[in-house]
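A short write-up of the structure that comes next.
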Amino acid sequence: MNIRWVFFIPLFIVNLHFQYHFKFMLESKLCQAVIKAVHALYGLELAEKDITLQKTRREFTGDFTVAVFPFVRASRKSPEITAAEIGQHIKDNIEEVFDFNVIKGFLNLSLSKIYWLQFLNNNFRQTDFGFTTSKENEVVMIEYSSPNTNKPLHLGHIRNNLLGWSVAEILKANGKNVVKVNLVNDRGIHICKSMLAWQKWGNGETPETSGIKGDHLAGKYYVLFDKNYKTEIADLIANGMEKESAEKQAPLILEAQEMLRKWEAKDDAVIQLWKRMNNWVYEGFEQTYTRMGIDFDKTYYESSTYLLGKSIVEEGLDDGKLIRKPDQSVWADLTEEGLDEKLLLRADGTSVYMTQDLGTAHLRYHDYQPKQMIYVVGNEQNYHFDVLKLVLKKLGYNWADTIQHLSYGMVELPAGKMKSREGTVVDADDLMDEMEKTAYEKALELGKIDDFESEDAKHLYYTIAMGALKYFILKVDPQKNMLFNPTESIDFNGHTGPFIQYTHARIKSLLKKALDEIKPADAEIEMLPKEKEIIRLLHDYPSIIKLAGEGRSPALIANYIYELAKEFNAFYQEITILKEENEELRNFRLVLSVFTSNIIKSAMGLLGIAVPERM
RNA sequence: GGUCCCGUAGCUCAGUUGGAUAGAGCAACAGCCUUCUAAGCUGUGGGCCACUGGUUCGAAUCCAGUCGGGAUCACCA
C-alpha cells in the first residue's frame with residue numbers, strides 16, 4: 001500500500017494544462033524517443049512527421065505501434081532486427097514504456113500499467129476532460145441555418161442546423177472564441193409571393209385564428225401562389241402563348257414583382273404586411289429552433305445588408321474594379337481567374353443574391369473582425385462561394401480569405417433530391433413529431449416509462465427522439481450526400497443515438513446503486529483486456545476533439561462515442577462491477593464507469609444530444 | 001461540354017497523416033434475462049474497397065485514365 005502513495009501523491013498537483021495535453025505529450029514523447037533511438041543507432045536524422053505512430057491493433061499485444069520500414073535503409077538490417085533494436089533503446093530510455101514486441105516490421109510498445117492508472121485517476125472526475133479551457137481572443141464566426149421566410153424548415157435545414165451548431169460547440173471545445181450567426185433571407189420575390197397570396201385569398205387568417213404555426217401559414221400561401229400561378233400559365237399556353245412568355249406574363253407574377261418594387265420603395269402598406277407575416281414566421285422558426293436545441297448569438301437580415309452590398313458594388317464600379325454594361329447592369333469580370341463574368345446589379349439597379357452576400361460579409365467583418373468566417377451551406381453552392389471570395393478579393397478586401405465554406409452533402413430521399421417545388425420535402429416539425437411518436441410507442445412497448453411521471457415520460461421520449469434524429473444525421477461525414485428513407489423510420493437500436501443514451505443511463509443507474517465512495521484506482525489491481533481497451537478509448541478523446549475541430553466534423557465525435565459505448569456495453573455484460581468482491585477491483589471498475597459516463601455526456605453534448613439519467 | 005464531389009457487405013454508413021488478416025449497424029439465422037436496465041450481449045453467413053494502370057518495402061487511402069451517380073456553370077435564393 002505504500003506503492004499507492006508513491007504513485008499517487010504527485011497526481012494531485014498536476015494542473016489542467018498538463019491534463020489536456022496528456023495524450024499529446026505521450027505521443028510526442030514516444031515520437032521523440034523513436035527519433036533519438038534511430039539517431040543513436042543508425043545516425044539518421046528524422047522529424048516527428050517521419051514517424052508513423054498509431055494505436056496498436058486489437059489483435060496484437062501493445063499500446064502504440066511504430067512501422068520501422070522507413071528506417072531499414074539506414075540500419076542496413078532486416079525490419080525485424082531494426083525494430084527490436086529501436087524497441088530496446090526506447091524501453092531502456094522511456095519509463096512509461098514497459099515492454100515491446102516485434103511482428104514483421106512493426107514495433108509494438110506496451111505502456112506500463114502505472115501510466116494508464118495515472119491517466120485514469122487524474123481525469124475520471126473531470127467533466128471537461130479533453131477540452132481546451134483557455135479561450136483564444138480572435139473570433140471564429142460560423143453561419144448556419146440561413147432560412148427563407150416564405151416557408152417552414154425542412155430536413156435539409158435540419159442537417160444544416162445540427163452541423164453548424166455542433167461544429168460551433170466542437171470549436172469551442174478546442175478553445176476557439178465562437179460567434180454563431182444566422183442570416184435570414186427575409187426579402188425578395190419569394191416573400192412577395194406568400195404575401196400576395198395571403199392578401200388575395202387569406203381572408204385575414206392569422207396563426208391565432210387558424211391555429212397554424214406561423215411559418216407553416218406563410219408556407220401554405222406560398223404553395224397556394226404557386227398553384228394558381230401554374231393554372232394561369234396553363235391557361236395562357238392553352239390560348240396559344242409560348243411557355244416562356246406565359247411564365248413571364250402571368251398576372252400573378254407581374255403582381256408579385258410589382259409588390260417587390262413597392263417593398264423596395266418602402267410602400268407603407270406593403271412594409272406593414274411584410275413585417276406582419278415575417279413576424280409570424282419568426283415565431284414559428286423560434287419554436288422549431290428551440291425544439292431542435294439550436295441557437296444563435298446574432299442574427300443578420302438580408303433586408304438590412306443588401307443596401308450595403310449595393311454600395312460596395314457602386315464603390316467598386318467607381319474604382320474601375322467592376323464593369324457596367326450598356327444596359328446599365330453591373331458585372332465582375334472573373335475571366336482572368338478562370339471563371340465567367342458575374343452579375344452584381346441588374347439593369348434596373350436591383351440586387352441579386354451575390355450582392356447581399358457581399359454586404360453581409362462586409363458587415364460581419366466590421367462587427368467582429370473574425371479570424372475565420374465559416375459558412376455552413378450545402379455543396380450546391382460551392383460555385384457561389386468561389387465567386388464570393390474572388391469578387392471580394394477583386395474589390396481589394398484582403399480579409400476575403402477568412403471566408404471558409406463548410407460545404408456539406410445533400411439529404412436525399414429514395415426518390416432523389418428533395419425539391420420544395422415538387423412537394424418532396426420532409427418538413428422539420430413533422431419529422432420531429434413523428435420521431436417523438438415513435439419514441440413514445442417504443443418506450444411504452446418496452447415498459448420503459450411505466451414508473452415515470454407523465455411529464456418525465458414526455459421529456460424522456462423527446463430526449464430519445466431528438467437523440468435518434470440528431471445522431472442519425474451527424475454520424476455521417478458532412479461532405480457526403482446522405483440518404484433518408486421516410487418510410488423506414490429512424491432506428492432506436494444498434495448504431496444510434498438511443499444506444500449511446502442507454503449506455504449512459506445504465507451507468508448512471510449503476511452508480512446510484514454503488515454504496516462505495518469512489519476513489520482513485522489502486523496500483524496493484526490487474527486489468528482485463530476489455531478494461532484496458534476502454535481506458536485506451538478514453539485516452540483518445542482529446543485527440544478526437546482536436547481532429548473533429550480541424551476537420552469540422554461532428555461525425556468523428558459520433559463514431560468515436562459509439563465505439564466507446566459499444567466497448568463499455570460488452571464489458572458491462574461480461575464483467576460484474578457492483579458484485580465484484582475485491583474492493584479495489586470494484587472501485588477500479590466504478591472509476592472506469594464514472595469516466596465513461598462523463599465522456600459520453602461530454603461528447604454527446606458536442607453533438608447537441610442530451611443523455612438521460614435513466615431510460 | 002467545363003469545374004467540383006461521391007463510388008467500401010443486400011441496405012445505411014465507419015475506416016486517423018499510406019501500414020499488419022478491410023470494420024460496424026440494419027436485415028437473415030442461432031444463442032443469452034431467478035445475478036449491476038435485454039433500447040443490451042455473444043455467435044454464423046455475407047467483400048475483385050466501381051474498373052485499369054502507376055508511385056512504394058507496403059494502396060480502400062496518393063497519382064493518371066475509364067465507367068457509373070450527384071451538384072454546379074441563372075438578371076432564383
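What you see below is based on every heavy atom in this structure, not just the backbone, and it leaves out hydrogens, waters and symmetry mates. Here is the naming used below: chain letters follow the sequence lines, and residue numbers restart at 1 for every chain.
With sequence neighbours excluded, no residue satisfies salt bridge (Lys or Arg N to Asp or Glu O under 4.0 Å) with A:Arg346. Not counting sequence neighbours, A:Arg73 has no partner by the side chain to side chain donor-acceptor pair (under 3.5 Å) test. Every residue two or more places apart in sequence or in another chain was checked for a side chain to side chain donor-acceptor pair (under 3.5 Å) with A:Asn379, and none qualifies. For A:Ser489, the side chain to side chain contact (heavy atoms under 4.5 Å, CB included) partners are A:Thr438, not counting sequence neighbours. Annotation: salt bridge (Lys or Arg N to Asp or Glu O under 4.0 Å) contacts of A:Lys104 (sequence neighbours excluded): none. Partners of A:Arg58 under the salt bridge (Lys or Arg N to Asp or Glu O under 4.0 Å) rule, at least two apart in sequence or in another chain, are A:Glu533, A:Glu567. Considering only residues two or more places apart in sequence or on other chains, A:Glu445 meets the salt bridge (Lys or Arg N to Asp or Glu O under 4.0 Å) condition with none of them. For A:Asn278, the side chain to side chain contact (heavy atoms under 4.5 Å, CB included) partners two or more places apart in sequence, or in a different chain, are A:Thr149, A:Asp186, A:Ile191, A:Trp274, A:Tyr282.
Note on A:Glu574: nothing from the nucleic acid sits closer than 4.0 angstrom, heavy atoms only. Residue contacts shown for A:Leu510 include a base, since a base heavy atom lies under 4.0 Å away. Residue contacts shown for A:Leu53 include a base, since a base heavy atom lies under 4.0 Å away. Heavy atoms of A:Arg614 sit under 4.0 angstrom from at least one base atom. Here A:Tyr502 lies in heavy-atom contact (under 4.0 Å) with a base. Counting non-hydrogen atoms under 4.0 angstrom, A:Ala505 reaches a base of the nucleic acid. When heavy atoms are screened at a 4.0 angstrom cut-off, A:Asn485 is found touching no nucleic acid atom at all. Counting any heavy atom pair closer than 4.0 Å across all strands shown, A:Met615 reaches a base atom. Residue-level contact check: A:Tyr353 touches the bases, meaning some heavy atom is under 4.0 Å from a base atom.
For the pair A:Lys193 and A:Tyr222, the cation-pi criterion (under 6.0 Å, within 45° of the ring axis) is not fulfilled. Taking the centre and axis of the six-membered ring of A:Phe484, the NZ or CZ atom of A:Arg159 falls outside the cone set by 45° and 6.0 Å.
Between A:Lys480 and the phosphate of B:A14, there is a side-chain N or O to OP1/OP2 separation shorter than 4.0 Å. Between A:Lys475 and B:G25, a side-chain N or O to OP1/OP2 separation shorter than 4.0 Å is absent. Remark: A:Tyr572 is in phosphate contact with B:U37, judged by side-chain N or O atoms under 4.0 Å from OP1 or OP2. OP1 and OP2 of B:C36 both lie 4.0 Å or more from every side-chain N or O belonging to A:Arg506. At least one side-chain nitrogen or oxygen of A:Gln479 sits closer than 4.0 Å to the OP1 or OP2 atom of B:C6.
Secondary-structure annotation of RNA chain B gives the stems B:1-7 with B:67-73, B:10-13 with B:23-26, B:28-32 with B:40-44, B:50-54 with B:62-66, with a stem taken as at least 3 successive Watson-Crick or G-U pairs whose two distances both fall under 3.5 Å.
Between B:G47 and B:G23, the two P atoms lie 14 Å apart (nearest whole Å). Annotation: B:U17 and B:C13 have their C1' atoms spaced 23 Å apart (nearest Å). Separation of the C1' atoms belonging to B:A60 and B:U42 is 29 Å when rounded to the nearest angstrom. The separation of B:G18 from B:C57, taken at their P atoms, amounts to 15 Å, rounded to a whole angstrom. Comparing B:U56 with B:C63, their P atoms are spaced 16 Å from each other, to the whole Å. Spacing between B:G58 and B:C33 at atom C1', rounded to whole Å, works out to 48 Å. To the nearest whole angstrom, the two P atoms, one in B:C32 and one in B:A38, are 15 Å apart. Separating the P atom of B:G25 from that of B:G43 is a span of 10 Å, rounded to the nearest Å.
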Report each atom pair, protein N/O against N/O of nucleotides 18-20 of chain B, whose distance is under 3.5 angstrom.
| unit_1 | atom_1 | unit_2 | atom_2 | d |
| --- | --- | --- | --- | --- |
| B:A20 | OP2 | A:Arg57 | NH1 | 2.6 |
| B:A20 | N6 | A:Thr65 | OG1 | 3.0 |
| B:A20 | N6 | A:Asn108 | OD1 | 3.1 |

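For A:Asn182 and B:A77, the CG to P distance is 18 Å, given to the nearest whole Å.
Between A:Phe64 and A:His539, the angle of the ring planes goes over 60°, which puts this pair in the perpendicular group of the 30/60° scheme.
For the segment residues 556-569 of chain A, residues with any heavy atom less than 4.0 angstrom from an atom of RNA chain B are, sorted by number, A:Leu556, A:Asn559, A:Tyr562, A:Lys566, A:Asn569.
Checked against a 6.0 Å centroid threshold, the rings of A:Tyr471 and A:His495 count as neighbours.
B:C33 has its base syn relative to the sugar, with a glycosidic angle deviating from 0 by at most 90°.
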Just list the side-chain donor-acceptor pairs under 3.5 Å for residues 333-343 of chain A, sequence neighbours left out, or say none.
| unit_1 | atom_1 | unit_2 | atom_2 | d |
| --- | --- | --- | --- | --- |
| A:Asp333 | OD1 | A:Thr335 | N | 3.0 |
| A:Asp333 | OD1 | A:Thr335 | OG1 | 2.6 |
| A:Asp333 | OD2 | A:Thr335 | OG1 | 3.4 |
| A:Glu341 | OE1 | A:Lys325 | NZ | 2.8 |

